[in-house]
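These notes are about the structure you will find just below.
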Amino acid sequence: MRGAPNCPRCFGPLRPPSAWSSDWQCAVHGAVLPFQARRPSLDVVEKVRKEARVPFWLPWPLPPGWLVTGFGDAGEEGGGLRAGVVALSGPSVTHGPADLVLVAEEPGVGLGAAFAGLPGPDPGPGFDLGPPGAKVQTYGHPTALWWVESAPDRAVYVGEAMGNWLWVVGWPAEAGCLVALAELSLRDLREQDQEFDLPFGAFSPRLGDEP
């Protein structure tokens, strides 16, 4: 059984649609797209391929020792998934465990900013001033990411790919070294002509309560 959907901007509870409103309502942010966390499984990958309107970015090959530890999405029934999250966990570049979430979303959804600990819903003007702090490969092309100041316990990079925001958030803050130095190659899970032997791990606590 999956858990109740949450607000994509603050992960708070939502009031479902009713006879008076067709929207999911957050007490703080008003009408929003419901966010749903999901355990890692091949069934979720198939759901992504059928319903996603945005990329679900997966670093492939995964860094050594890393596992896929969950997915998440925001969208309404029949309207497609308009934000997607892939969660990963593995060894830190310094010591101890680390977590990453990769978020692709349409402008205005606010899910990436929520993971980043920012008021959102988008990075805000001027985030891309100056040289980028990292680059990743998307569809074989270099994509610039800029470091964004956020909560001290995490590293946040954001850029644009395929007309959508691309956020990479890592815990602890030292996990940002992986993003800045590894030049990750990202694959879109929606693509049909590819097969992955995905190593799944325990559900990531970064996605909230386990569904």
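This structure is a prediction, so every number in the text was calculated from the model and none was measured. We're numbering straight along the sequence, starting at 1.
Hydrophobic clustering, with ILVMFWY side chains joined whenever heavy atoms are under 4.5 angstrom apart, keeps Val45 apart from Leu207. Connection of Val44 to Leu81 is established within a shared hydrophobic cluster, with ILVMFWY side chains joined at heavy-atom distances below 4.5 Å, either directly or through further cluster members. The hydrophobic clustering, which links ILVMFWY residues whose side-chain heavy atoms are closer than 4.5 Å, places Leu58 and Tyr157 together. A single hydrophobic cluster is not seen to contain both Leu102 and Val169; linkage of ILVMFWY side chains at heavy-atom distances under 4.5 Å, directly or through other members, places them apart. Note on Phe203 and Leu62: separate hydrophobic clusters, where clusters join Ile, Leu, Val, Met, Phe, Trp and Tyr whose side-chain heavy atoms are under 4.5 Å apart, directly or indirectly.
Few gaps surround CZ on Arg49; more than 12 heavy atoms of other groups in view lie less than 6.0 Å from it. Around the CD atom of Glu191, the shell of radius 6.0 Å holds more than 12 heavy atoms that belong to other residues, nucleotides or ligands.
With rounding to the nearest 0.5 Å, the separation of CZ in Phe127 from CD in Glu160 is 8.5 Å. For the atom pair CZ of Arg154 and CZ of Arg206, the computed distance is 7.5 Å after rounding to the nearest 0.5 Å. Distance NE2/His141 to CG/Leu186: 13.0 Å, rounded to 0.5 Å. Once rounded to the nearest 0.5 Å, the distance linking CZ of Arg38 with CG of Asp43 reads 11.0 Å. One finds the CG atom of Asp197 at 9.0 Å from the CG atom of Leu42 (value rounded to the nearest 0.5 Å). How far CZ of Arg190 is from CD of Glu51: 13.0 Å, rounded to the nearest 0.5 Å.
Taking both residues in full, the closest heavy atoms of Ala155 and Ala173 are given as CB-O, 3.4 Å, listed atom of the first, atom of the second, then distance. Of all heavy-atom pairs spanning Asp128 and Trp146, the tightest one is O-NE1, 3.3 Å. The minimum heavy-atom distance between Pro107 and Gly163, with the atom names listed, is CD-O, 4.3 Å. The minimum heavy-atom distance linking Val68 with Leu198 is given by the pair CG2-CD2, 4.5 Å. Ala113 and Gly120 get closest at one heavy-atom pair: CB-CA, 3.6 Å. Considering all non-hydrogen atoms of both residues, Gln194 and Asp188 come closest at NE2-O, 2.5 Å.
Contact of the Val86 side chain with the Trp57 side chain is not registered, since no non-hydrogen atoms from C-beta on lie closer than 4.5 Å. Using a 4.5 Å heavy-atom cutoff, the side chains of Leu88 and Pro59 are in contact. Within the 4.5 Å cutoff, no side-chain heavy atoms of Ser41 are placed close to those of Arg39. Between Trp167 and Leu118, some side-chain heavy-atom pair lies under the 4.5 Å cut-off. Within the 4.5 Å cutoff, the side chain of Arg82 has heavy atoms near those of the Leu33 side chain. Counting heavy atoms from C-beta outward, Cys10 and His29 have side chains that approach closer than 4.5 Å. Pro132 places none of its side-chain heavy atoms less than 4.5 Å from the side chain of Trp147. With a 4.5 Å cut-off on side-chain heavy atoms, Pro142 and Gln137 count as touching.
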For this session: Starting from the C-alpha separation in whole Å, work towards a yes-or-no answer on side-chain contact (heavy atoms from CB on, under 4.5 Å) for Val48 and Asp73.
Result: CA-CA 9 Å; Val48 165; Asp73 54 72; over 6 Å; no
Exercise. Would Val54 and Glu105 count as a side-chain contact (heavy atoms from CB on, under 4.5 Å) if you check the C-alpha gap in whole Å, the side-chain angles of each, and the deciding distance to 0.1 Å?
Worked result: CA-CA 6 Å; Val54 297; Glu105 63 180 349; 5.7 Å; no
Problem set entry | Leu100 vs Val168, side-chain contact (heavy atoms from CB on, under 4.5 Å): CA-CA, chis, key distance, verdict | CA-CA 7 Å; Leu100 286 177; Val168 184; 4.2 Å; yes
For this session: Test Val85 against Phe35 for side-chain contact (heavy atoms from CB on, under 4.5 Å), laying out the working first.
Result: CA-CA 10 Å; Val85 182; Phe35 168 71; 4.3 Å; yes
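When Val103, Val109, Leu111, Asp122 are each tested for a side chain to side chain contact (heavy atoms under 4.5 Å, CB included) with Trp165, only one passes: Asp122.
Remark: the Trp24 side chain and the Glu76 side chain contain no N/O donor-acceptor pair separated by less than 3.5 Å.
Note: Phe71 and Phe56 have tilted aromatic rings, judged against thresholds of 30 and 60 degrees for the angle between ring planes.
Aromatic pair Trp60/Phe196: ring centres closer than 6.0 Å.
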